[in-house]
Q: 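I have a structure I would like to understand better, so I am pasting it below and will then ask my questions one at a time.
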There are 2 protein chains.
Amino acid sequence: MKYLQVKEAVLRELAKPQPGFPLSENQLSQRFGVSRMTARRALQELEREGYLSRQQGKGSFPAERRFSQGSLRVRPFYEFAAAQGAVPRTQVLVAEPRPAPAEVAEKLGTADTLCVRRLRFLDEEPVILETRYLDAARCGAVLEHDLTAESLHDILVHALGLPLTRVWQRLGAVALDPEVAALLAQPAGAPGLRLERVTYTLQTPVTWVEYLMRGDRYFFEDTFTPQGERP
Amino acid sequence: MKYLQVKEAVLRELAKPQPGFPLSENQLSQRFGVSRMTARRALQELEREGYLSRQQGKGSFPAERRFSQGSLRVRPFYEFAAAQGAVPRTQVLVAEPRPAPAEVAEKLGTADTLCVRRLRFLDEEPVILETRYLDAARCGAVLEHDLTAESLHDILVHALGLPLTRVWQRLGAVALDPEVAALLAQPAGAPGLRLERVTYTLQTPVTWVEYLMRGDRYFFEDTFTPQGERP
DNA sequence: CCTCACAAGTTGTATATACAACCTAGCGTG
DNA sequence: CACGCTAGGTTGTATATACAACTTGTGAGG
């Protein structure tokens, strides 16, 4: 595993207070007695892991330390349920053609939509209220499927063959309004997480969805290692 | 760019209802008249992008579609400010040795801690209250730095030379209690985002931090493409 | 029938080579 | 002085080769 040894050497160099840069593939290959392709592989992996930045014609430099504070994975509901060791259930409240409200219609580019509203339980406790609008022209067949099944994602991608190429989403905290609070068995005004999401297939929006989650039951939890794993 | 052509061809194959698998590097190289190394590169990139799963001795297969619902990046405060086009400011409320409360001490493995509490403004509006405990044995020098500067991350990593190797974090929604609400200029009980985080250096926890964010001003927003970019 | 060994096919690692694309510094010429 | 171009260094792409490590099926031998 020569390329691993080169990687480690470069990492040690990187840790020095005054690293000697830029590095080059040829320089490394000579210093460690390996071929250029092997040195190249080491540098490429270090770039992918966020340690180096490489530029054609210039060389390899230490990456701007980004200090991205990490990321929070959004897990599918059934995965979340499994992690909690809880039994999931889905109740369909609405599944019918219904025009989207103005703000949603604007984001979808049409008001000719289907509406699906589902309440999701963990161990018979309501946790998430999902409200979704789908472009009727593209997703008409959705209503023929069993919406108590877990994944609407699956239906869209597999059954309808819509590649989901882009997602926009936004997460915030809100006070649950009385109607929603009642569905989630919470007092009006209780805090909740709100995740809004628009999914695109080939530049055109297909579905808008809002998840309202009970603040006392739903969390996003993650552990990760900044800038890729240490070798 | 032959490897890109091979990638596209494999992606088209992947989209068929009944794809012919497993693929192999030799097979592809013959079919497209390229070298094995070129076919190899195409398959490797498709694996990294989540389309394929490769196993030594067996071959390359379509990946289990994961449908990870994506991830929310947590941006450093000054980056968030820049994105909003707002002027950031930091006010230090507390910066002194202070023992951590029991729940925090348990997570840090010590109660010999420093406490830093900072209020962060966007355009002179309070948005985030940060409460942090640091292992005093490792971070004593922190108090000598200018804590109104933007990044405590930078201080820990650069000035103290602590590699941050692991992060655990959890995000939820809470009702702001009266004391916090007052600091954030919100009515008591208003909804807020709460991000709790423990950062490790080499398996041992170094700092615990809680961010309380105004629900009406702070969001996590992202766009991304599921399973890597389309070529 | 069972078991072991081997062969064939696969990916992983390493090397050598060639040329293309790109960047920069410096030199020459106008 | 200013401009352009060239030379040398860098990464990017592509190929050919060799062997190691792993998986699976098959066939020989007990």
Side-chain angles (χ1 to χ4, degrees), chain A residues 1-16 18-66 227-231, chain B residues 1-14 16 18-66 225 227-231:
Chain A
M1 318 284 131
K2 297 192 183 180
Y3 76 93
L4 289 179
Q5 296 171 18
V6 179
K7 275 179 75 173
E8 285 180 31
V10 174
L11 279 174
R12 277 196 298 275
E13 181 78 22
L14 228 28
K16 287 183 185 171
Q18 200 57 26
F21 284 92
L23 295 172
S24 87
E25 300 174 357
N26 282 323
Q27 171 198 356
L28 284 179
S29 68
Q30 288 173 21
R31 230 175 75 206
F32 295 97
V34 299
S35 73
R36 182 195 150 202
M37 294 307 278
T38 303
R40 176 180 181 73
R41 172 164 180 183
L43 292 177
Q44 280 179 326
E45 293 200 358
L46 287 170
E47 181 188 29
R48 268 206 306 279
E49 291 166 11
Y51 293 98
L52 293 180
S53 132
R54 284 159 60 78
Q55 285 174 262
Q56 178 171 157
K58 299 187 69 172
S60 299
F61 305 84
E64 279 306 316
R65 295 256 162 175
R66 300 196 326 281
Q227 13 199 341
E229 66 282 51
R230 299 239 156 209
Chain B
M1 316 286 130
K2 297 191 183 178
Y3 76 93
L4 289 179
Q5 296 172 18
V6 178
K7 275 179 75 173
E8 285 180 32
V10 174
L11 278 175
R12 277 195 298 274
E13 182 75 23
L14 227 28
K16 288 184 185 170
Q18 199 60 26
F21 284 92
L23 295 173
S24 88
E25 300 173 356
N26 282 324
Q27 170 198 357
L28 285 180
S29 67
Q30 289 173 22
R31 226 172 80 203
F32 295 98
V34 300
S35 75
R36 182 195 149 201
M37 295 307 279
T38 303
R40 178 180 181 72
R41 173 165 180 182
L43 292 177
Q44 279 179 325
E45 294 200 359
L46 288 169
E47 181 188 29
R48 269 207 306 280
E49 291 166 12
Y51 292 99
L52 292 180
S53 135
R54 282 159 60 78
Q55 283 174 266
Q56 179 172 155
K58 300 186 69 173
S60 300
F61 305 84
E64 280 305 316
R65 296 254 162 176
R66 300 195 325 282
T225 61
Q227 10 200 344
E229 66 283 51
R230 299 241 155 208

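Nothing here was measured: the structure is a model prediction, and the numbers come from that model. Letters go in sequence order (proteins before strands), and every chain restarts at 1.
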Q: Using a 4.0 Å heavy-atom cut-off, does Arg41(A) contact any base of the nucleic acid, only the sugar-phosphate backbone, or nothing at all?
A: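 It contacts sugar-phosphate atoms only.
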
Q: If you take all heavy atoms of Ser29(B) and Ala39(B), which pair is closest and at what distance?
A: N-CB, 4.0 Å

Q: By nearest heavy atom, map Ala39(B) and Arg36(B) onto DNA chain D; which one lands nearer the 5' end?
A: Ala39(B)

Q: For Gly33(A) and for Gly59(B), locate the closest nucleotide of DNA chain C by heavy-atom distance; then report the residue assigned to the nucleotide nearer the 5' terminus.
A: Gly59(B)

Q: Take Lys2(A) and Arg41(A) through the test side chain to side chain contact (heavy atoms under 4.5 Å, CB included) and record every step on the way to the result.
A: CA-CA 10 Å; Lys2(A) 297 192 183 180; Arg41(A) 172 164 180 183; over 6 Å; no

Q: From the 5' end of DNA chain D to its 3' end, which nucleotides mark the outer limits of contact with chain B, defined by a 4.0 Å heavy-atom distance cut-off (strictly under)?
A: dT13(D) to dT24(D)

Q: Please tell me if Ser60(B) has a side-chain N or O lying less than 4.0 Å from either OP1 or OP2 of dT10(C).
A: no

Q: Supply the atom-to-atom distance Thr38(B) OG1 to Leu43(B) CG, rounded to the nearest 0.5 angstrom.
A: 11.0 Å

Q: Please report the closest heavy-atom contact between Leu52(B) and Ser60(B), naming both atoms and the distance.
A: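 The answer is CD1-CB, 4.5 Å.
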
Q: For Gly50(A) versus Ala63(A), what's the shortest heavy-atom pair and its separation?
A: O-CB, 3.3 Å

Q: Output, in order, the C-alpha distance, side-chain angles, deciding distance and verdict of side chain to side chain contact (heavy atoms under 4.5 Å, CB included) for Glu8(B) and Gln5(B).
A: CA-CA 5 Å; Glu8(B) 285 180 32; Gln5(B) 296 172 18; 5.8 Å; no

Q: Could you go step by step and tell me if Lys7(A) and Val10(A) meet the side chain to side chain contact (heavy atoms under 4.5 Å, CB included) rule?
A: CA-CA 5 Å; Lys7(A) 275 179 75 173; Val10(A) 174; 5.9 Å; no

Q: Please round to the nearest 0.5 Å and tell me the distance separating atom OG of Ser35(A) and atom CG of Asn26(A).
A: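 The CG atom of Asn26(A) is 10.5 Å from OG of Ser35(A), to the nearest 0.5 Å.
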
Q: For nucleotides 7-9 of chain C, print each protein N/O atom paired with a nucleotide N/O atom at under 3.5 Å, atom names and distance only.
A:
unit_1 : atom_1 : unit_2   : atom_2 : d
dG9(C) : N2     : Gly57(B) : O      : 3.1

